There are 2 protein chains.
Amino acid sequence: MTAAEIPEVVINRLPVYVRALALLELEHRDVVSSQELGRELSVTPAQIRKDLSYFGRFGKQGRGYNVQHLLDTLRTILGLDRSWKMALIGAGRLGQAILSYGGFGPQGFHVVKAFDSNPALIGRREGEIVIEDVQDLGASLQRDPVDIGIVAVPGHIAQTVIDVLVANGVRAVLNYAPIAVRVPTGVQLRQIDPVLSLQSMTYFLKQGGLTQSGDLPQLEAEASGA
Amino acid sequence: MTAAEIPEVVINRLPVYVRALALLELEHRDVVSSQELGRELSVTPAQIRKDLSYFGRFGKQGRGYNVQHLLDTLRTILGLDRSWKMALIGAGRLGQAILSYGGFGPQGFHVVKAFDSNPALIGRREGEIVIEDVQDLGASLQRDPVDIGIVAVPGHIAQTVIDVLVANGVRAVLNYAPIAVRVPTGVQLRQIDPVLSLQSMTYFLKQGGLTQSGDLPQLEAEASGA
DNA sequence: GTATGTGAACTCTTTCACAGCC
DNA sequence: GGCTGTGAAAGAGTTCACATAC
């Protein structure tokens, strides 16, 4: 009930906090203040405190936050205290790169199935898994469901693939296809789209000298006043 | 001067419009309305019109927007009417995948240099380019500048690499390293971070039945009323 | 002294709704 | 009839500033 009113932007920032806290944990830091965390992440301390306040009171006045406790709590809130099964659709060049990416496993995300339409790839073994025919995607998910779908197929097929995923119970999709897809309400969708990122940066590059050689590049001024 | 007041969120949406318009152009569509474009992109028509209005008046009342003209205009605004040089730092597994990704070139983005610290990789030819020693990054950029840096190195080196890039005139960075980095004001930074995306989706997955099997998954209801 | 937690103020975005034009 | 362009209104999100607690 409270959960329903938490802004989505806040949820999206929590993983960033988790990552910073995990680093502090490695350094055996006991306590961290919103100010220090904010400096680390280029976020205002007020924002961190406000974000956390949606979920409870985790800090101690005069001290800050207990790193271990806050980390555990945020992980639980985000559901990072368990492991998640993922299916990869598209085992071409990009798909292979995703399969061999070492960053998912340690965070509890596991690709347990992969699919392609290319006969040359179907049946091939990639590490622990065997690439299945994308024709069997629906049936395979019915037999053995996953939590998340990773879409790495060409743009013109992406929407169809996602429709099949959703029809077979997948409620979260990470889409690498460079296309705007639609999903029903209640289904989570995230785009990984480097080209869009590049294409917005060029706007600012074009603006040229504005911030370039004119004024000195400086880190966020730290108003040390109050 | 007007440009200075344009919200960044607006700029970030323009590439999405460009992509949709490019598709319509392929289909030889002459004209499109904000309503149709909005349906395609899951964006409200009002938002599209408002966004475009920051840059001028491109539409014709009663008809809509000329696809070709709007596409050309947006490309010019974003600086997509020229080509951009990029340097890749980190030519390991992820870097290789980025090098062989076919989606940059057609959009005018070209990796013209690549760097690594691994002696086994330095000097190796990858397509058109030869991998250089990351020690020479600064000197190489001085000789032959690039517009954009793509960072695909391990997290603990990313900040250092980015500092070198910035010190040598790079004003836009696409960072694949899973870490929060800092750049001076005036330098554009975009993160490509699939793990963060996954970690925010799990929050909603955890919420479970709320939108799952309860109410029927449906596309954004189209209020056909007014 | 130091730092949290939080209403209130402020700023930024989105949406509305309609005049104006095709 | 249909659709744009845009002030005005509404809604979100961020920051302030201070009472409260350690």
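Here the structure is a predicted model, which is why all the values come from computation and not from measurement. Residue numbers begin at 1 in each chain, while the letters A, B, ... track the order of the sequences.
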If the cut-off is 4.0 Å, is [X] near the phosphate of [N], judged by side-chain N/O to OP1 or OP2?
X	N	result
B:Ser34	D:dC3	no
A:Tyr65	C:dG5	yes
B:Arg63	D:dG5	no
A:Arg57	C:dT6	yes

So what does A:Pro45 hit on the nucleic acid, given a heavy-atom distance under 4.0 Å: a base, only sugar-phosphate, or nothing?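 Contact class for A:Pro45: none.
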Look at all strands and tell whether A:Gly59 reaches a base, only sugar-phosphate, or nothing, counting heavy atoms closer than 4.0 Å.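 Sugar-phosphate, no base atom in range.
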I'd like to know if B:Arg49 reaches the base of D:dG5 with its side chain such that a donor and an acceptor end up less than 3.5 angstrom apart.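 Side chain to base: pair present.
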Between the base of C:dT14 and the side chain of B:Gln47, is there a donor and acceptor pair under 3.5 angstrom?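 When only heavy-atom distances are counted, B:Gln47 does not reach the base of C:dT14 through any donor-acceptor pair under 3.5 Å.
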Return the value, rounded to whole Å, for the distance between atom [atom1] of [X] and atom [atom2] of [N].
X	N	atom1	atom2	value
A:Phe58	C:dA3	CZ	C1'	16 Å
B:Gln35	C:dT15	CD	P	14 Å
A:Leu52	C:dT4	CG	P	9 Å
B:Ile48	D:dT6	CD1	C1'	16 Å
B:Phe55	D:dG5	CZ	P	13 Å
B:Ile6	C:dT13	CD1	P	12 Å
B:Asn12	C:dT14	CG	P	11 Å
A:Glu8	D:dT14	CD	P	12 Å

Pair B:Asp72-B:Gln68, side-chain hydrogen bond (donor to acceptor under 3.5 Å, both in side chains): steps then yes or no: CA-CA 6 Å; B:Asp72 289 349; B:Gln68 187 66 63; 3.2 Å; yes
For B:Val32 and B:Lys50, find the nucleotide of DNA chain D closest to each by heavy atoms; which residue's nucleotide sits nearer the 5' end?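 It is B:Val32, whose closest nucleotide lies nearer the 5' terminus.
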Out of D:dT6, D:dT14, C:dT6, which nucleotide sits closest to the side chain of A:Val9?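 Selected nucleotide (nearest to the side chain): D:dT14.
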Can you tell me which nucleotide in D:dG13, D:dT20, D:dT6 comes closest to the side chain of A:Gln61?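 The answer is D:dT20, which lies nearest to the side chain.
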Any [X] side-chain heavy atom under 4.5 Å of [Y] side chain:
X	Y	answer
B:Asp147	B:Arg82	yes
B:Leu198	A:Met86	yes
A:Gln107	A:Trp84	no

Pick the closest DNA chain C nucleotide for A:Asp51 and for A:Gly62 by heavy atoms, then say which residue is nearer the 5' end.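 It is A:Gly62, whose closest nucleotide lies nearer the 5' terminus.
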Work out which heavy atom in B:Leu21 is nearest to a heavy atom in B:Val67; give both atom names and the distance.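 For B:Leu21 versus B:Val67, the nearest heavy atoms are O-CG1, 3.7 Å.
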